[in-house]
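Working notes, structure below.
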There are 2 protein chains.
Amino acid sequence: MPRPRQPRLTRQLIVESATALIDAEGLPAFSTRRLAAELGVRGPSLYNHFATKDEILDAVADTVTGAVDTSGFVSRDWVTALRDWAWSYRRALTAHPNIVPYLAQGPGRRPAALAMADAVYGGLVRAGWPPARATHIGAALRYFVAGSALGSFARGFVEDPELYAAHYPHLRQAHRLAEHQQSVDEGAFALGLDSLLHGLAAEYARTVDPVESAGPTG
Amino acid sequence: MPRPRQPRLTRQLIVESATALIDAEGLPAFSTRRLAAELGVRGPSLYNHFATKDEILDAVADTVTGAVDTSGFVSRDWVTALRDWAWSYRRALTAHPNIVPYLAQGPGRRPAALAMADAVYGGLVRAGWPPARATHIGAALRYFVAGSALGSFARGFVEDPELYAAHYPHLRQAHRLAEHQQSVDEGAFALGLDSLLHGLAAEYARTVDPVESAGPTG
DNA sequence: CATCTAAACTAGCGGTGTAAGTTTTCATTC
DNA sequence: GAATGAAAACTTACACCGCTAGTTTAGATG
């Protein structure tokens, strides 16, 4: 069939369908032919709208990143802003966990990722952090959020715990928690994030604003 | 050619060659045919020694994880043990960064990853942490280390900074640091790790051992 | 010597991303 | 209104992928 009366594909349609496919069946199932079939079309037709497969993946990843809320950096104190951002970031990633391995490989040419980095960096510098420190903090939080979305500790455990329970005695209790994967992940994330922020606040008090933080009123 | 006088392949040879290939040319370049060519052999011959491609990757990943030192958990205080472990873990991953995306997706059936998890969990429980907390701490640190090895902030930036400098004003300074990628990553890692440990120590003092930590000598 | 197994081989299946060229529709311009 | 050119689908094809099946022969074992 040649060109139809009404185009069957648009960039937005492709991205939405790709997101749905990846969410439902995972990254390995996402192929150009498969996606095209989902759209009632023939594989190469996608190349009228995107130059490469990766460009489609970038668009999907950028949509996911675009859902992250960084508004706290203009309205709240930096600790609250970081906390809200990290949780929003985590929610955005865990809503589409299958795209995370692709997304985790750097901001690349995805504007939403760059806009996010810009907002975080700017907010921290405005709060008084030295530029180099602001870069470090943004990166450290990104590491933590991306790692938590990607490498769930529980996910990796295989089905039959007794298989290795004998060899790794301490894990006998731990991997039972694999059944509660989500709560383990959330608990680990909450603990790690709070600890990180606690440590950063201490560093801030020590190096950026010793006077205000040293007072008895906190 | 049929069976040679002396076997050309062994599991160890395959793993070593696969590691070298991945290190040198990245995960996408790693194919069974390509690896076989590197070994002077014909693709399918690999299946005499490994059942699937993923089994080869698991072996590579396990070798990498096996280089991580967890000995601190039997000889040092828990904070020092965590810090040493995290740095050793990071060194192991950054020595073979291209395998990290594969490795980050959970311990799976890789014995070294399970042994590492076991050592960390056991050490923390011995130090007095409640089992659930020990699981959370181990996971949080793993998130951070894996994320730092995987998603270097700097790596993702494209070559020409001026391209997006106009759109994201705050980043104008930040991405200049992309040239010093390694130092940025290390600085972010050091800051994040110290902050995490600082926060965990505070939590420990509050919930696990309030008496000893509250004294003026603590 | 006969037999069995191991470790290589060749051939091939169904899948991948994507390049090239074709066809037809639609929008624009003389 | 006819001609033109771009757009958006198509078909075909290439080189590669993981992997299976069956074959061949060297070495080990009875």
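Here is the naming used below: chain letters follow the sequence lines, and residue numbers restart at 1 for every chain.
A:Thr52 and A:Asp54 are not linked by any side-chain donor-acceptor pair at a separation below 3.5 angstrom, with hydrogens and angles left out of the test.
Between the CD atom of A:Glu55 and the P atom of C:dA19 there is a distance of 12 Å, given to the nearest Å. In this structure, A:Ile56 places its CD1 atom 14 Å from C1' of C:dT16, rounding to the nearest Å. Atom CG in B:Leu46 sits about 11 Å away from atom C1' in C:dA8, given to the nearest Å. As a whole-Å value, the separation of B:Asn48 CG from D:dT23 P is 16 Å. Between the P atom of D:dC17 and the CZ atom of B:Arg34 lies a distance of 9 Å, rounded to the nearest Å. Between the CZ atom of B:Phe50 and the P atom of C:dA8 there is a distance of 12 Å, rounded to whole Å. Residue A:Arg11 contributes atom CZ, which lies 12 Å from atom P of D:dA8 at whole-angstrom precision. Put simply, OH on A:Tyr47 is 14 Å from C1' on D:dC14, counting in whole angstrom units.
Ring-centre distance between B:Phe189 and B:Phe144: below the 6.0 Å cut-off.
The two residues B:Ser195 and A:Leu196 come nearest to each other via the heavy atoms CB-O, 3.6 Å. Taking every heavy atom of both residues into account, B:Val68 and B:Ala92 meet most closely at CG2-CB, 3.7 Å. Considering all non-hydrogen atoms of both residues, A:Val145 and A:Ser148 come closest at O-OG, 3.0 Å. The minimum heavy-atom distance between A:Ala113 and A:Asp62, with the atom names listed, is N-OD1, 3.7 Å.
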Could you go through nucleotides 11-13 of chain C and list every protein N or O atom that sits under 3.5 Å from one of its N or O atoms, giving the distance for each pair?
{"unit_1": "C:dG12", "atom_1": "O6", "unit_2": "B:Arg33", "atom_2": "NH2", "d": "3.4"}

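Each of A:Pro28 and A:Ala51 has a nearest nucleotide on DNA chain C; the 5'-most of these lies closest to A:Pro28.
Neither OP1 nor OP2 of C:dA7 sits under 4.0 Å from any side-chain N or O of B:Ser45. Contact annotation: A:His49 does not reach the phosphate of D:dA7 (side-chain N/O to OP1 or OP2, under 4.0 Å).
Of the options A:Thr19, A:Thr63, A:Asp23, a side-chain hydrogen bond (donor to acceptor under 3.5 Å, both in side chains) to A:His96 is made by A:Asp23 and by none of the others.
Listed candidates were C:dG17, D:dC17, C:dC9. Nearest to the side chain of B:Val41 is C:dC9. Distances from the side chain of B:Ser31 to the nucleotides D:dC10, D:dG18, C:dT10 place D:dG18 closest. Residue A:Lys53 places its side chain closer to C:dT18 than to any other of C:dT18, C:dC9, D:dA9.
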